[in-house]
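All residue numbers in this chain count up from 1 along the given sequence. Computed from heavy atoms alone, side chains included, the values below leave out hydrogens, waters and symmetry copies.
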Amino acid sequence: MALLAPVENGKVVTETTNSTTAATKNNSMDKEAFLKLLVAQMQYQDPLEPTSNTEFISQYAQFSQVESLQNMAGSMDLQRASSLVGQMVYVQTTNSEGETGYVMGKVDYVTYEGGKAYVYINEKRYSLDDVQTVLDGDYYDAYHLALELVTGINRLPSIGALDLTDGEDVDKLYEIYQNMNDYQKSFVAKEKVDALLAYVEKMAELRKLAGGNNQGGEETGGDEKTEGAGKVEGGSDAE
């Protein structure tokens with residue numbers, strides 16, 4: 001018996017994609033498939049011990065109930081996925097080597113295909129089942145603002161190695177902290193806040209010394225350094 005298959009460039013092409021797609025689409029029994037199975041069961045039943053009509057009706061009723069539950073579950077999945085549009089989420093991913101990773105981003109839109117709901121992040125599709133965490137907008141902003149602040153503090157040199165060239169970085173970090181609300185400040189550990197205030201006080205001392213040693217300095221420059229030191233001291237007292 002000969003087997004026929006398409007040939008391209010001298011090689012036999014196996015049509016696995018369509019078969020896989022068909023198998024995926026038919027991996028669950030729908031109403032039409034159940035009715036065909038029911039008819040086959042009636043056709044090939046033992047004529048001496050036929051299946052009662054009551055049993056057939058019971059089987060069909062059970063299938064209809066399962067189908068209704070599946071439709072309800074699908075509708076709930078779509079509703080759940082739709083509620084994620086515009087939300088920041090963490091999605092668990094698995095690469096070809098089986099390694100697990102995470103993708104974070106905002107859900108742009110959702111689709112419902114083949115009985116499953118999918119979310120799209122930056123035009124990439126992810127299964128709703130892989131969504132691990134949904135982040136509140138305020139939480140997301142507070143977390144990343146605190147992360148920026150702590151990272152900046154960790155990059156500063158030690159207190160003993162601090163000099164005037166670090167003044168801009170210290171001022172920026174202190175401004176970030178001052179502009180944070182109470183909820184956002186709660187994301188920053190107390191020791192990090194204390195470290196930041198220590199840097200601010202040290203920078204105020206350095207600027208004061210630099211202003212005092214600059215005997216021939218311009219009047220404007222002296223006023224700016226004095227004003228900056230006063231601001232820092234006031235901020236420390238507030239904390």
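We find the CE-CE distance between M104 and M88 to be 4.5 Å, quoted to the nearest 0.5 Å. Atoms OH and CG, from Y199 and D194 in turn, are 12.5 Å apart once rounded to the nearest 0.5 Å. Rounded to the nearest 0.5 angstrom, E175 CD and K172 NZ are separated by 9.5 Å. To the nearest 0.5 Å, atoms CD1 (I176) and CD (Q178) are separated by 11.0 Å. From M180, atom CE reaches atom OG of S186 across 8.0 Å, with rounding to the nearest 0.5 Å. Going from atom CG of L173 over to atom CZ of R155 covers 10.0 Å, rounded to the nearest 0.5 Å.
Looking at L149 and Y177, their side chains come closer than 4.5 Å, going by heavy atoms from C-beta outward. Counting heavy atoms from C-beta outward, E205 and K208 have side chains that stay 4.5 Å or more apart. The shortest distance between side-chain heavy atoms of L156 and D169 falls below 4.5 Å. The shortest distance between side-chain heavy atoms of V89 and Y126 does not fall below 4.5 Å.
Contact record, L164 with A210: CD1-CB, 3.7 Å, taken as the closest heavy-atom pair. The nearest pair of heavy atoms linking A142 to Y183 is CB-CE2, 3.8 Å.
For N122 (side chain) and G105 (main-chain N/O), no donor-acceptor pair under 3.5 Å exists by modelled atom type. Side chain of D163 to backbone of T165: a donor-acceptor contact under 3.5 angstrom is found. Remark: the backbone N or O of L162 is not paired with any side-chain donor or acceptor of D166 at under 3.5 angstrom.
In terms of hydrophobic clustering, with Ile, Leu, Val, Met, Phe, Trp and Tyr side chains grouped at heavy-atom distances under 4.5 Å, V110 and L128 are assigned to a common cluster. Cluster membership for V119 and L135, using ILVMFWY side-chain heavy atoms within less than 4.5 angstrom, is not shared. Note on V131 and Y120: separate hydrophobic clusters, where clusters join Ile, Leu, Val, Met, Phe, Trp and Tyr whose side-chain heavy atoms are under 4.5 Å apart, directly or indirectly. Hydrophobic clustering (ILVMFWY, side-chain heavy atoms < 4.5 Å, transitive): I121 and V85 are in one cluster. Under the 4.5 Å side-chain heavy-atom criterion for ILVMFWY residues, no single connected hydrophobic cluster contains both F187 and V193.
One side chain, K192 or N154, offers a donor N or O that lies under 3.5 Å from an acceptor on the other. Residues Y139 and Q184 bring no donor and acceptor atom of their side chains to less than 3.5 Å of each other.
At most 12 non-hydrogen atoms from other residues, nucleotides or ligands lie less than 6.0 angstrom from OH of Y143.
Looking at R207 and D171, a side-chain N of the basic residue comes within less than 4.0 Å of a carboxylate O on the acidic one, giving a salt bridge.
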Just do the side-chain contact (heavy atoms from CB on, under 4.5 Å) check on T93 and D130 with the steps written out, would you?
CA-CA 7 Å; T93 61; D130 293 331; over 6 Å; no
N/O donor to acceptor pairs below 3.5 angstrom from side-chain atoms of residues 95-103, sequence neighbours left out:
residue	atom	partner	partner atom	Å
N95	OD1	E97	N	3.0
N95	OD1	G98	N	3.0
N95	OD1	E99	N	2.8
N95	ND2	E99	OE1	3.1

